[in-house]
Amino acid sequence: MQDLDRIRSEALAEIAASQSLEQLDAVRVAALGKKGSITGLMKSLGAMSAEDRKAAGAMLNAARDEVSAALDTAKAVLEAGALDSRLARERIDVTLSARPETQGRIHPISQVMDEMSAIFAQMGFEVAEGPDIEDDFHNFTALNIPQEHPARQMHDTFYFGEKADGSRHLLRTHTSPVQIRTMVANKPPIRIIAPGRTYRCDSDMTHTPMFHQIEGLVIDKTTHMGHLKGCLMEFVTTFFEVDEVPVRFRPSFFPFTEPSAEVDIGCSREGGELKIGPGKGWLEIGGSGMVHPNVLRACGLDPEVYQGFAFGMGVERMAMLKYGIPDLRTFFDSDLRWLKHYGFVPFDVPTLSGGLTR
Ligand code: PHE
């Protein structure tokens with residue numbers, strides 16, 4: 001029992017000196033474990049006289065409780081410290097950009113479609129979709145292009161095999177069938193854009209068999225050609241991020257609009273550099289017009305009540321003009337060097353508030 005004081009104070013000193021939970025546990029085992037020093041003294045009680053045992057037992061219990069309490073306190077302190085240091089160690093700075101930086105790039109086509117959608121969304125347009133594989137009705141007939149209409153030849157359509165009833169599916173030659181699908185499925189007022197893939201059997205310097213268009217459609221009771229022009233003027237200044245872009249309507253023909261107009265924007269070519277804005281030149285960016293009464297009728301809308309405009313633009317062309325991409329065919333070469341050069345960082349999502357392009 002003479003050892004008790006020494007054992008107790010040694011254990012307390014070791015507890016105070018413990019730097020880790022492991023060290024602390026080793027002290028616990030050495031003092032209070034099965035073969036621990038205090039446990040050893042407890043065992044020696046049995047050999048004592050009843051009187052001695054009483055006194056020694058009380059001292060031993062007091063020493064054991066003291067060591068045990070010191071262990072608990074030290075453990076709580078070390079645990080709190082371990083948590084703090086772990087929190088500090090595992091701290092993540094969410095303001096840092098991802099490391100390693102993402103390698104992928106957003107294709108200019110996707111970027112430009114996102115930019116266009118952001119602009120039109122701000123004006124209150126919804127994004128609508130239709131299938132790439134269309135039928136005759138949606139791609140042609142409902143758009144006032146009947147069976148033997150010469151416009152069908154003009155479209156260089158990719159057809160699928162004939163079905164039992166003689167009809168053939170086709171790859172849509174423009175995004176205009178989405179006009180039909182939208183008007184059939186929804187009641188006016190309608191205000192949609194439809195970006196997507198289109199296909200024509202045509203391949204040379206300035207044509208690829210697959211390309212992209214964005215369609216616009218507004219139908220209500222009062223929308224007129226002035227709204228169409230205002231809408232497109234607003235769009236081009238925002239899209240090209242310049243203060244002034246002249247917009248010109250050139251009389252044209254489309255079976256599904258009446259009147260119809262080709263849309264040109266102003267540009268200058270000084271020193272061989274093409275610039276969008278006021279200048280001597282004009283560039284065509286798409287077709288437009290007031291939706292033809294026959295088209296409204298084909299969708300079950302009364303042309304005496306409803307009217308509106310539609311437009312269609314080529315996405316590749318807009319991308320080439322905005323980002324100075326000289327060759328259409330490179331869009332679909334899947335050349336990584338090209339993508340690295342002309343592509344966009346994935347996290348830079350175009351918004352009007354945050355900036356279309358950064
Ligand atoms: N669909 C026409 C084209 O592909 C473009 C267009 C759309 C014209 C809507 C007028 C109205 O050439």
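Start at 1 and go down the list; that is how both ligands and their atoms are numbered. The analysis underlying the following values was restricted to heavy atoms, covering all of them including side chains, and did not include hydrogens, waters or symmetry mates.
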Going by atom types alone, do Asp156 and Thr173 pair a side-chain donor with an acceptor below 3.5 Å? no

Counting each atom of ligand 1 from 1 as listed, which ones have a heavy atom of Gly312 under 4.0 Å away? 6 (C), 7 (C), 9 (C)

Answer with yes or no whether Arg200 contacts ligand 1, where contact means a heavy atom under 4.0 Å from a ligand atom. yes

Do Arg269 and Glu273 sit within salt-bridge range, that is, some charged N less than 4.0 Å from a carboxylate O? no

Here the atoms of ligand 1 under 4.0 Å from any heavy atom belonging to Gln213 are 3 (C), 4 (O)

Output the list of atoms in ligand 1 that are nearer than 4.0 Å to some heavy atom of Ser176, sorted by atom number. 1 (N), 7 (C)

Parallel, tilted or perpendicular: which fits the ring planes of His107 and Phe331, with parallel below 30° and perpendicular above 60°? tilted

Distance-only side-chain donor-acceptor flag, Asp220 / Thr223, under 3.5 Å: yes

Indicate, as side chain, backbone, both or neither, the part of Ser288 found under 4.0 angstrom from ligand 1 when only non-hydrogen atoms are considered. backbone

His224 backbone acceptor or donor facing His227 side chain under 3.5 Å: yes

Give a yes-or-no answer on whether the side chains of Glu134 and His169 include a donor-acceptor pair shorter than 3.5 Å. no

Looking only at protein heavy atoms, what sits closest to atom 6 (C) of ligand 1 is Phe256 CE1, 3.7 Å

Just jot down the ligand 1 atoms closer than 4.0 angstrom to any heavy atom of Gln179, in number order. 9 (C)

